[in-house]
Amino acid sequence: MIDAKTLADHNLTREEYDLIVGLIGREPNLTELGIFSVMWSEHCGYKSSRVHLKKFPTRGKHLIQGPGENAGIMDIGDGLAVVFKIESHNHPSYIEPYQGAATGVGGILRDIFTMGARPVAVLDSLRFGPLDQPRNRSIMEGVVSGISGYGNSFGVPTVGGEVYFHECYAQNPLVNVCCVGLARKDKLFLARARGVGNAVIYVGARTGRDGIHGATMASAEFGEETEHKRPNVQVGDPFKEKLLLEACLEAMARNLIVGIQDMGAAGLTCSTTEMAAKAGTGMEINLDLVPQREAGMNPYEIMLSESQERMLIVAEPDKVEELKRIFNKWDLEAVVIGKVTDDERLKAYFHGQPVIDIPVKAVVDMCPAYRRPARTPAFQKKVTRLRLPEMPSDLNQVLLQLLASPSISDKEWVFRQYDHMVQVNTMVLPGADAAVLRLKGLKKGLAMTLDGNSLYTYLNPKRGGQIAVAEACRNLACVGATPIGVTNCLNFGNPEKPEIMWQFKQAVEGIAEACRQFGIPVTGGNVSFYNETEGRAIYPTPVLGVIGLVEDVSLVPAAGFRGAGETIILLGENREELGCSEYLRLVFSEEKGQPPGLNFEKEKRVQELCRQAIRAGLVRTAHDLSEGGLAVALAECSFKGQRLTGFEVKLNDRLRTDALLFGESQSRIILTVKKENARKLLGLARKMKVKARVIGRTGGRNMVIWHRKKKVVDLPVDLGYQAWKNSIPGFFEIKKT
């Protein structure tokens with residue numbers, strides 16, 4: 001009988017252990033217990049989230065592959081498919097920031113090319129504690145360096161994402177990485193161990209002791225012992241991964257592969273059991289044949305190691321020698337370690353003795369699913385009540401304060417570390433609402449974005465989830481793209497706490513409803529629970545990665561003003577909605593109220609109008625309104641052009657001036673058009689029943705906003721730009737001196 005301490009070390013309950021005994025018909029040995037512990041962990045087994053994730057829509061006209069594989073696949077026409085997925089590497093990035101982030105990039109890259117796709121872009125959503133705390137600065141430096149070090153060395157552009165700062169992430173940063181790849185629709189590969197008698201081949205780097213129980217670590221809260229978990233973090237080698245990519249794609253091109261899977265979370269355990277379970281087969285392997293870089297490794301360590309840059313391949317016996325030659329050419333090992341069997345069991349031998357004999361479906365498909373209690377947090381009513389403070393007299397100063405805030409200010413000091421032009425497909429650079437990649441030889445392009453607002457989700461989880469989807473789709477509309485699919489990374493606290501479970505359940509319902517409204521299927525993603533340290537949870541943070549298609553990349557508008565004398569048009573309605581705003585948080589230290597309302601029909605019409613206006617060649621600049629509201633969005637347009645361009649805007653809305661300037665009402669987009677095209681655009685808006693109006697003109701050296709004949713903002717563009725550009729001056733330079 002396994003004792004209570006051993007079970008606790010493996011994050012298994014006594015009830016789960018009894019279920020394992022019943023499934024395999026006997027007491028498991030320690031290696032078999034380790035296999036169940038990682039595959040039944042929250043990270044791999046989704047035991048607290050599965051019942052809720054079923055609410056997501058998973059069908060769509062572009063869909064080729066939905067949830068259940070390494071990544072989702074969408075048909076984008078012309079014989080091409082886009083393969084994409086998002087994953088979290090939160091816990092490892094707190095313990096060992098550089099390697100945690102680097103191996104997060106490495107893992108998501110493998111998820112993409114194991115499907116037969118060449119990775120073409122990476123986006124990342126990063127959340128940190130305030131940078132005036134040295135530990136947070138150290139974590140951020142390590143994470144950004146890890147992302148750039150791996151991505152730049154591998155040769156994939158990092159084209160977009162977001163960086164956000166809040167005290168709730170001080171002891172639990174979030175590192176969510178999304179990768180996008182392109183493949184031929186007729187050259188896609190799945191993780192299936194098909195064909196009894198086929199060879200099971202280990203390829204890539206050797207196995208070490210790094211990363212053992214990484215999946216289990218990601219399924220538990222952190223406490224004071226966090227530093228002891230450092231050996232659970234994997235170590236990556238981007239140059240080895242690049243060789244692995246080229247070798248795998250070459251073998252795929254020659255039709256040498258029956259099935260393939262990355263050895264990601266849970267390592268050799270997940271690849272052997274999942275490939276067999278999905279194919280309805282079994283697998284027999286000899287652990288003595290597994291290439292090892294450390295002496296004296298035992299079966300437990302070999303099976304649970306999460307060493308990076310490794311794949312498991314199933315191939316027909318007569319293809320093995322050619323496959324080996326390809327991997328040897330790329331200076332990689334390819335070793336036959338076993339074969340596919342017909343008994344639906346994983347059997348493993350070590351030094352000639354059987355050490356594993358378990359049914360693969362028990363490991364993969366019979367992890368218990370829990371409908372955990374959910375309860376509205378006691379604080380919910382209190383934090384949603386908001387008594388608006390008195391409006392400050394100096395709104396110029398407020399605008400400068402918002403522009404200089406770390407979450408709104410320019411992030412070039414982060415993304416300049418990333419190579420965003422490698423592969424020379426990047427058309428819209430980081431810092432815009434969405435990234436756009438050209439598809440060589442085609443008129444159309446691929447657009448992508450990441451979005452999420454944790455404060456909205458904290459105060460109203462359902463609406464926060466809805467807005468995350470809506471804003472991501474709106475970002476795509478600003479480059480003329482139609483959304484076709486979504487992947488999500490759901491970052492929450494401990495699901496065993498009813499209040500956290502309530503937040504998760506509500507957010508999932510909001511995301512599911514929004515995805516149905518926009519007609520986009522969820523192709524997969526990641527749930528990251530237990531984002532708590534010493535009992536303190538992060539704010540609930542769903543991050544949505546949405547992929548879209550651009551019909552004609554030559555018509556993609558700029559993110560900033562293109563010059564003087566152009567007409568500024570506002571799509572959508574300004575409303576008196578200050579709850580949850582960055583303005584309240586920064587100026588008054590208030591995190592209260594309700595997030596802005598969201599009317600799906602109005603939102604969809606605004607987005608469709610923006611797309612149609614872009615396709616008609618009417619739009620010069622497009623930018624959505626989000627954190628900081630209208631005033632911040634206008635200022636960003638001034639800063640993001642080829643030269644600093646001022647504006648003068650006149651507004652007559654019967655709202656509080658601060659709500660008009662800094663409220664974050666949804667379904668709004670700023671467009672600029674040439675003067676002669678303004679009437680055409682407004683006519684199109686009337687036809688589509690979208691509220692749209694001319695609010696001003698570009699030009700001059702100042703940012704000027706009038707409200708009901710009173711000048712409420714008048715700032716030199718240069719001054720605003722300096723606040724936005726230099727809010728965190730020389731962060732990385734300081735570290736290097």
task = Check the pair Gln666 / Ile467 against side-chain contact (heavy atoms from CB on, under 4.5 Å), numbers first and verdict last.
result = CA-CA 8 Å; Gln666 298 297 292; Ile467 289 175; 3.2 Å; yes
CG of Leu386 to CD of Glu591, rounded to nearest 0.5 Å, is 12.0 Å
query = Does any donor atom in the side chain of Glu167 or Gln133 lie under 3.5 Å from an acceptor atom in the other side chain?
reply = yes
- [ ] May I ask you to check whether Phe128 and Tyr169 place their ring centers less than 6.0 Å from one another?
- [x] no
Paired with Pro483, the side-chain contact (heavy atoms from CB on, under 4.5 Å) test is passed by just one of Ile520, Thr449, Ile547, Val469, namely Ile520
Legend entry - Residue pair Met448 / Val159, side-chain heavy-atom distance below 4.5 Å: yes
Please determine whether salt bridge (charged side-chain N to carboxylate O under 4.0 Å, His left out) holds for the pair Lys55 and Glu509, giving the CA-CA distance in whole Å, both sets of side-chain angles, and the decisive distance to 0.1 Å. CA-CA 7 Å; Lys55 297 171 186 173; Glu509 288 174 2; 3.1 Å; yes
Please determine whether a side-chain nitrogen of the Lys or Arg among Lys85 and Glu69 lies less than 4.0 Å from a carboxylate oxygen of the Asp or Glu. no
The reported gap from CG in Leu544 to CG in Asp451 (rounded to nearest 0.5 angstrom) is 8.0 Å
Checklist entry - Do we see a donor-acceptor contact under 3.5 Å between the side chains of Asp111 and Thr114? => result no
Contact check, side chains of Ser528 and Phe492, non-hydrogen atoms, under 4.5 Å = no
Ala101 meets the side chain to side chain contact (heavy atoms under 4.5 Å, CB included) criterion, sequence neighbours left out, with Ser93, Val143, Ile147, Val175
Sub-3.5 Å donor-acceptor pair from the side chain of Asn136 to the main-chain atoms of Pro130, do we have one?
yes
Check against side-chain contact (heavy atoms from CB on, under 4.5 Å), Glu664 and Leu625 | CA-CA 7 Å; Glu664 297 175 7; Leu625 278 67; over 6 Å; no
Quiz item: Can you check whether Gln171's main-chain N or O pairs, donor with acceptor, with Thr533's side chain at less than 3.5 Å?
Solution: yes
### Task
Could you tell me whether the side chains of Asn491 and Asn176 share a donor-acceptor contact shorter than 3.5 Å?
yes
If the threshold is 4.0 Å, N to carboxylate O, is there a salt bridge linking Glu162 and Lys411? no
Here the gap from Asp624 atom CG to Asn475 atom CG, rounded to the nearest 0.5 Å, amounts to 4.5 Å
**Prompt:** For residues Ser307 and Ser305, is any side-chain donor paired with an opposing acceptor at under 3.5 Å?
**Reply:** yes
| message | Which label fits Trp40 and Phe36: parallel for a plane angle under 30°, tilted from 30 to 60°, or perpendicular past 60°? | response | perpendicular
Practice task
Would you please say whether a donor-acceptor pair under 3.5 Å links the side chains of Glu496 and Tyr370?
Solution key: no
Check the pair Tyr164 / Leu126 against side-chain contact (heavy atoms from CB on, under 4.5 Å), numbers first and verdict last. CA-CA 6 Å; Tyr164 189 82; Leu126 309 177; over 6 Å; no
Query raised in the report: Would you say His420 and Thr158 make side-chain contact, with heavy atoms under 4.5 Å?
Result: no
Could you check whether Glu590 pairs with Arg585 (Lys NZ or Arg NE/NH1/NH2 to Asp/Glu carboxylate O, under 4.0 Å)? no
Q.
I'd like to know if the side chain of Gln594 and the backbone of Asn460 have a donor-acceptor N/O pair within less than 3.5 Å.
A. no
- Query: Do the side chains of Thr457 and Gln503 get nearer than 4.5 Å, heavy atoms only?
  - Reply: no
**Prompt:** If we ignore angles and hydrogens, is there a donor and acceptor under 3.5 Å between the side chains of Gln308 and Arg110?
**Reply:** yes
The side-chain contact (heavy atoms from CB on, under 4.5 Å) partner of Glu582 among Ile408, Val587, Asn453, Val632 is Ile408
| message | Does Arg372 form a side-chain contact (heavy atoms from CB on, under 4.5 Å) with Val51? I'd like the steps, not just the answer. | response | CA-CA 10 Å; Arg372 296 194 185 277; Val51 295; over 6 Å; no
Non-hydrogen side-chain atoms of Cys179 and Phe84 separated by less than 4.5 Å: no
Value for CD (Glu96) from OG1 (Thr103), rounded to nearest 0.5 Å, stands at 9.5 Å
Worksheet entry | Exercise: do Arg293 and Thr207 side chains pair donor with acceptor under 3.5 Å | no
In this structure, CZ of Arg127 is separated from CZ of Phe165 (nearest 0.5 Å) by 11.0 Å
For residues 454-476, the ring-ring contact (aromatic ring centres under 6.0 Å, His included) pairs (sequence neighbours left out) are Phe379-Tyr458, Tyr458-Tyr539
Pair Tyr150, Glu241: side-chain N/O donor-acceptor within cut-off below 3.5 Å: yes
Verdict with supporting geometry, Phe239 and Phe154, ring pair (Phe, Tyr, Trp, His ring centres under 6.0 Å): CA-CA 6 Å; Phe239 301 104; Phe154 179 86; 10.0 Å; no
Are the side chain of Asp419 and the backbone N or O of Pro157 linked by a donor-acceptor pair below 3.5 Å? no
ask   = Is a side-chain N or O of Thr269 found less than 3.5 angstrom from the main chain of Met303, in a donor-acceptor match?
value = yes
His52 and Gln506: side chain donor to acceptor below 3.5 Å: no
Indicate whether the side chain of Glu274 and that of Gln261 have a donor and an acceptor atom separated by less than 3.5 Å. yes
Residues passing the side chain to side chain donor-acceptor pair (under 3.5 Å) test with Asn526, sequence neighbours excluded, are Glu87, Ser88
Could you tell me whether the side chain of His91 reaches within less than 4.5 Å of the side chain of Asn172, counting heavy atoms only?
yes
>> For Gln423 and Arg118, which I'm curious about, is there any donor-acceptor pair between the side chains at under 3.5 Å?
In response: no
* With a 4.5 Å heavy-atom cut-off, do Ser49 and Phe504 have their side chains touching? -> yes
Q.
Would the distance check show the side chain of Gln417 and the main-chain N or O of Val144 forming a donor-acceptor pair, the cut-off being under 3.5 Å?
A. no
Quiz prompt | Ser48 vs Phe529 side-chain heavy atoms within contact, under 4.5 Å | solution = yes
Distance col, row Glu412:CD vs Lys725:NZ, nearest 0.5 angstrom, shows 3.5 Å
ask   = Any side-chain donor-acceptor pair under 3.5 Å between Asn494 and Glu532?
value = no
* **Short side-chain donor-acceptor distance under 3.5 Å, Asn70 and Asp262** => no
